[in-house]
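Report on one structure; see the data block that follows.
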Protein chains: 2
Amino acid sequence: MDATVRSGPDAERARATVEAGLSAGEVVSLFGRCRVTYDGRASSRLETGDRLLLLKPDGTALVHTAAGHQPVNWQPPGGEHEPTVDSEGLVVASTRSGAEETLLVRFETVAQVTRYPADEGSGPTVEGTEADLKERVLTEPELIEAGFEPRATERDTPAGAVDVYGVDADGRTVIVELKRRRAGPDAVGQLRRYVEALRRDSHDAASIRGVLAAPSVTNQARELLAEEGLEFVAVEPSVEGT
Amino acid sequence: MDATVRSGPDAERARATVEAGLSAGEVVSLFGRCRVTYDGRASSRLETGDRLLLLKPDGTALVHTAAGHQPVNWQPPGGEHEPTVDSEGLVVASTRSGAEETLLVRFETVAQVTRYPADEGSGPTVEGTEADLKERVLTEPELIEAGFEPRATERDTPAGAVDVYGVDADGRTVIVELKRRRAGPDAVGQLRRYVEALRRDSHDAASIRGVLAAPSVTNQARELLAEEGLEFVAVEPSVEGT
DNA sequence: GATTCTATCTCGCTG
DNA sequence: CAGCGAGGTAGAATC
């Protein structure tokens, strides 16, 4: 049972197992040879091959091959699975009604079907995110520069919410855009929009500084910063055991 | 075998199956109760719960719960899996040597282990991507506007490669940024950078137009376009059966 | 529901 | 190898 399966259930038994598992709120996995078609926001075709189909009670469907992090085809949560058997064998259709989206997995052979009553559980606690970096900056403002005083986070501007908003030792406004990893042109674009939005509403544009705080920046990002008169400060995303 | 499993293999049998499957280049899946810890680019902790662990021969590890498209924990391709048994039971470690990254899955109970010789196969053929939209614009330039003549795609600028580069009926340069779905501020940022880069190298900045072509734009994106003197053109991503 | 942004993003491509 | 941008991105937070 826990070794390679040489002959699988026939199509109707597989269908019944899928249906029973899903209606019991269980996770169902199928290994087998199949073709896959998707039509919706785009459309895709996948020729016959050996794959794993993972079906979740929330409507999620994932088709995985032997390589890669990403599923080769999928359906996001919110839809429904419908296993049927036609003259060619087992077909699992996963559809999202709202969006006109359909994933069809047509099995040539089903090597194994497994159902398992997994709980949804709670998500993982993750550390080292951008939110954590923000906390660090708030408790250690000198990470940005000596004399920096944070005044607000997620402060609204016409261009969106600023990560950290504060003042420097000279009383000038400082807008900080945080990135937990190497920052590219997109990060500069964000910072620039926030700074310009505030400068537009200010009588003294020069008193508003923009600071990109990240572990490092790409060259292009550095050039963009220079063009816009913005600054870069190196901050490590997390330290852990140092 | 294809119904709910009430009692699973003991830890050592599970370990042996995982090892045998992986060394044979097969995909291995384990259903069971486990705790998960990840340390690397960030760190995360996941308390005991029922989950599916999917192990691929390329080093990919995916931990899935009963809900959601995304794995609740994972390891990208490129590493190695090492199943061991200690006093508490089966532990699967997936590590990426280059990056200092480790995913540890410690099983309290293993309900089922399955190995399956899936081929990697070839990826799906996808239609309706941005590349397809670009093809449409090249064969039907009037989608942008009457008289538009594409001259190049992926044309290099100091700020990156422009999607479509051409001239309008009046001989002015037109830079087109394509998006297959509703465009936001980031798309305007890209277009803006390309246009400014070209204007900087031009003696006649006004002769360079920037066009964002997408199914629609958000309000903020529209405002940004207006501020920068850029334009919007509505194009549908794909038509299929019309 | 629409908008905006993060992500342990992943992935592919290009220099 | 880095850098840049796409993705059927998904997911969260906010309005």
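Just so we're on the same page: letters track the sequence lines, and every chain starts at 1.
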- Quantified in whole Å, what is the C1' atom distance between nucleotide dA10(D) and nucleotide dA6(D)? 14 Å
- Nearest-nucleotide comparison on DNA chain D, the residue closer to the 5′ end among Pro77(A) and Asp163(B): Asp163(B)
- Could you tell me whether Arg180(A) and Glu130(A) make a salt bridge, using a distance below 4.0 angstrom between a side-chain N and a carboxylate O? no
- Message: By the 4.0 Å heavy-atom rule, please label Arg181(A) as base, sugar-phosphate, or nothing.
- Response: base
- Send over the distance from Leu178(A) CG to dT6(C) P, rounded to a whole Å. 10 Å
- Return no unless some side-chain N or O of Arg96(A) is found under 4.0 Å from OP1 or OP2 of dA10(D). no
- Message: With a 3.5 Å cut-off and heavy atoms only, can you find an N or O donor on one side and an acceptor on the other between the side chain of Glu130(B) and the base of dG7(D)?
- Response: no
- Please determine if a side-chain N or O atom of Arg180(A) lies less than 4.0 Å away from the OP1 or OP2 oxygen of dC5(C). no
- Say whether Ser44(B) and Asn73(B), considering side chains only, have a donor N or O and an acceptor N or O under 3.5 Å apart. yes
- Query: Are the charged groups of Arg96(B) and Glu80(B) less than 4.0 angstrom apart, N to O?
  - Reply: no
- With the side chain of Gln190(A) defined as its heavy atoms from C-beta on, choose the nearest nucleotide among dG3(D), dG5(D), dC5(C). dC5(C)
- Item | Presence of Arg41(B) side-chain N/O under 4.0 Å of dA7(C) phosphate oxygens OP1/OP2 | no
- Message: Any residue in residues 219-235 of chain B with a heavy atom nearer than 4.0 angstrom to DNA chain C? Just list them by number, or reply none.
- Response: Gln220(B)
- Side-chain donor/acceptor of Arg51(B) to backbone N/O of Ala118(A), under 3.5 Å: no
- Item | Pair Thr37(B)-Arg45(B), side-chain donor/acceptor within less than 3.5 Å | no
- Item | Thr218(B) vs Ala131(A), nearer the 5' end of DNA chain C by closest nucleotide | Thr218(B)
- Message: Classify Ala183(B) by what it touches in the nucleic acid, base, sugar-phosphate, or nothing, heavy-atom distance under 4.0 Å.
- Response: nothing
- Message: Quick check with a 6.0 Å cut-off and a 45 degree axis cone: is Arg155(A) positioned over the face of Tyr165(A)'s six-membered ring?
- Response: yes
- Phosphate-side-chain proximity, Arg182(B) and dT3(C), N/O vs OP1/OP2 below 4.0 Å: yes
- Message: Whether the Gln75(A) and Tyr38(A) side chains hold a donor-acceptor pair (N or O, under 3.5 Å, no angle test) is what I'd like checked.
- Response: no
- Ignoring backbone atoms, test whether Arg45(A) places a side-chain nitrogen or oxygen under 4.0 Å from the OP1 or OP2 oxygen of dG8(D). no
- Query: Which part of the nucleic acid, if any, lies within reach of Thr129(A) when heavy atoms closer than 4.0 Å are counted: base, sugar-phosphate only, or nothing?
  - Reply: sugar-phosphate
- Message: Is a donor from one side chain sitting under 3.5 angstrom from an acceptor on the other, for His81(B) and Lys56(B)?
- Response: no
- Message: Taking the basic N atoms (NZ, or NE/NH1/NH2) and the acidic carboxylate oxygens, is any pair closer than 4.0 Å for Glu47(A) and Arg35(A)?
- Response: no
- Between dG8(D) (P) and Leu104(A) (CG): distance, integer Å: 18 Å
- Task: Figure out the CG/C1' separation between Asp186(B) and dA7(C), and round it to whole Å.
- Result: 15 Å
- Message: For Arg33(A) and Thr48(A), which I'm curious about, is there any donor-acceptor pair between the side chains at under 3.5 Å?
- Response: no
- Query: Could you give the CG-to-P distance, from Asp39(B) to dT8(C), as a whole number of Å?
  - Reply: 13 Å
- Message: When the P atoms of dT8(C) and dT4(C) are compared, how many Å lie between them, rounded to an integer?
- Response: 23 Å
- Query: Checking all strands, does Glu177(B) fall into the base, sugar-phosphate, or nothing category for heavy-atom contacts under 4.0 angstrom?
  - Reply: sugar-phosphate
- Message: Please determine whether a side-chain nitrogen or oxygen atom of Tyr194(B) lies at a distance below 4.0 Å from atom OP1 or OP2 of dG5(D).
- Response: yes
- Query: Counting only non-hydrogen atoms, which of residues 57-76 of chain A are less than 4.0 Å from DNA chain C?
  - Reply: Gly68(A), His69(A), Gln70(A)
- Query: Hey, which of these two, Tyr38(B) or Arg193(A), hits DNA chain C nearer its 5' end, going by closest nucleotide?
  - Reply: Arg193(A)
- Task: Answer whether the closest heavy-atom distance between the side chains of Leu55(A) and Leu62(A) falls below 4.5 Å.
- Result: no
- Atom-to-atom span, CG of Leu103(A) to P of dA10(D) - whole angstrom: 13 Å
- Taking atom C1' of dA7(C) as reference, at what distance in whole Å does atom CD of Glu127(A) sit? 16 Å
- Calculate the interatomic distance between Glu154(A) atom CD and dT6(C) atom P; express it in whole Å. 9 Å
- Message: Output the rounded distance in Å from NZ (Lys179(B)) to P (dT3(C)).
- Response: 16 Å
